[in-house]
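One structure is given here, and the rest of the page talks about it.
The chain is numbered in sequence order, starting from 1.
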Amino acid sequence: MALHCGSERRWSRVVKMTFYLFFLIPMSSVGNRNTNTIFNKKQKLEVQQQLKRLNKPALKSIESPDGDIIDCVDINKQPAFDHPLLKNHTIQMRPSSYPEGFSFDESNDVSSNSEPKLTQLWHLNGRCPEGTIPIRRTKEEDLLRAGSAANYGRKKHHSIPNADSAGITHEYAVLVEEGDKYYGMMANMNVWNPNTGDSNEFSVSQFWMTAGQSAEDYDTIEAGIIVNANRYGDYQTRLVTYWTDDNYRTTGCYNLDCPGFVQVDNQIATGATVTPYSIYGGTQRTVEFYVYKDINGNGDWWLKIAQRNFGYWPSSIFSLLSNSASSVQWGGEVINLKLGDKHTTTQMGSGHFPEEGPGKASFFDTLNVIDGKTILRRPWNSRTVITNPNCYNLINSGDYFYYGGPGRNPNCP
């Protein structure tokens, strides 16, 4: 018996719906799976290409107790020489001269096998031989945490004191020396292991040497110690360097993650854990940093860590810093994501305010700059940059200061 017209239309709709459920939706799912597969393959290929670029062939590999792999790479095959301006660069093993008022024990030169005054966990399981440099191996999970393999090694947020960008707040407690030309600096940096409130936040104690004022033209060289779980996958304190020639936009990177910095030391690895830490009310640990522009040589910016010639930023990779720096800055920085509209609990320094003083608050001491006359001297024209003294503070005493804080507290909600 034939269906009524209305019944026929209803039956037709049922048939169409059944077809849609059993055929079209599964096909759509297949399409999504294919798209995801293509994306995953593309992402995996990008990650593998980056790993190949970052991890140079190793003559020896050392597994650190913290899970890091340290590769001992031929000094002549390090990442620096992938830079287009450094293709024919000849490695300098030491500066050609030193500034007036500065001297050091040549027995600690890179050519010796003396024990470094900076200890890192990987040292427990071996050392890199002469003619090589230690490089922390980048793993696939490092790139995946970064979100973009192509941008791995660069700062996600600009790092200039007083800067705010994209709703991400940088909190600073920094001493700034300016008003002259600067060809170097010195600082002894207290080593702690500050807590970070979120894996996407970091806490760093460092120096900056900068040149330029505008957002488009700003050069920096930087080094210090950092806790950055997003980058390293843990909450250990690690040695870090950085540079940029264009205000962190397209040039520069952490450590040896891009061509630029030339390392000559075979005992110290950037990105590796620094141990031991200072103890609240007890033994205080420090790392000495020294930067000097070899103005009588190639004009390169030499970095000395723990009394060892660690390496240099070639003058040729900079525009403004190819001449001199216009400011020197020392202190702490944290990222405050303001989760839940509250200030972060990420600590700076020891996590205690500078008012607590010796043995409790973090410090920088032995502060010096190399001025326009290439004389090593104490800071004369200094000012402080403290973004929120109720959260982190700094007490300046000339050639040393105490700084830091706990972050969120009753006066810093």
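Remark: side-chain polar atoms of Arg408 are paired, donor with acceptor, to backbone N or O of His343 under 3.5 angstrom. Side-chain atoms of Lys360 never come within 3.5 Å of backbone atoms of Glu355 as a donor-acceptor pair (strictly under, hydrogens ignored). Between the Asp74 side chain and the Thr132 main chain, no donor and acceptor come within less than 3.5 Å of each other. In this structure, Gln263 contributes its side chain and Ile268 its backbone to a donor-acceptor pair below 3.5 Å. Of the possible donor and acceptor atoms, one in the side chain of His123 sits under 3.5 Å from a partner among the backbone N and O of Gln120. With Asp399 contributing its side chain and Arg378 its backbone, the two residues share no donor-acceptor pair below 3.5 Å. With hydrogens and angles ignored, the 3.5 Å screen pairs a side-chain donor or acceptor of Thr346 with a backbone N or O of Gly197. A donor-acceptor pair under 3.5 Å is absent between the side-chain atoms of Asn390 and the main chain of Asn409, judged by distance alone. Tyr182 places a side-chain N or O within 3.5 Å of a backbone atom of Glu178 that can act as its donor or acceptor partner.
Here the rule is ring-ring contact (aromatic ring centres under 6.0 Å, His included) with Phe364, and of Tyr403, Phe207, Tyr400 only Tyr403 fits it. Tested against Glu201, the residues Asn228, Thr196, Thr344 include a single side-chain hydrogen bond (donor to acceptor under 3.5 Å, both in side chains) partner, Thr344.
Using modelled atom types, one finds no donor on one side chain facing an acceptor on the other under 3.5 Å when comparing Tyr392 with Glu333. Residues Asp246 and Thr244 bring a donor and an acceptor atom of their side chains to less than 3.5 Å of each other. Of the N and O atoms on the side chains of Lys338 and Thr169, at least one donor lies less than 3.5 Å from an acceptor on the other residue.
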Verdict with reasoning, Gln329 to Ser327, per side-chain hydrogen bond (donor to acceptor under 3.5 Å, both in side chains): CA-CA 7 Å; Gln329 303 160 19; Ser327 79; 3.1 Å; yes
side-chain hydrogen bond (donor to acceptor under 3.5 Å, both in side chains) evaluation trace for Thr237 with Asn193: CA-CA 6 Å; Thr237 299; Asn193 182 231; 3.0 Å; yes
Pair Tyr248-His170, ring pair (Phe, Tyr, Trp, His ring centres under 6.0 Å): steps then yes or no: CA-CA 15 Å; Tyr248 306 96; His170 296 254; 8.9 Å; no
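The six-membered or imidazole ring of Tyr232 lies away from that of Phe202, with a centre-to-centre distance of 6.0 Å or more. The ring of Phe261 has its center closer than 6.0 angstrom to the ring center of Trp313.
Tyr235 places a side-chain heavy atom less than 4.5 Å from the side chain of Ser199.
Relative ring orientation between Phe363 and Tyr402 is described as perpendicular, the plane-to-plane angle rising above 60° on a 0-90° scale split at 30° and 60°.
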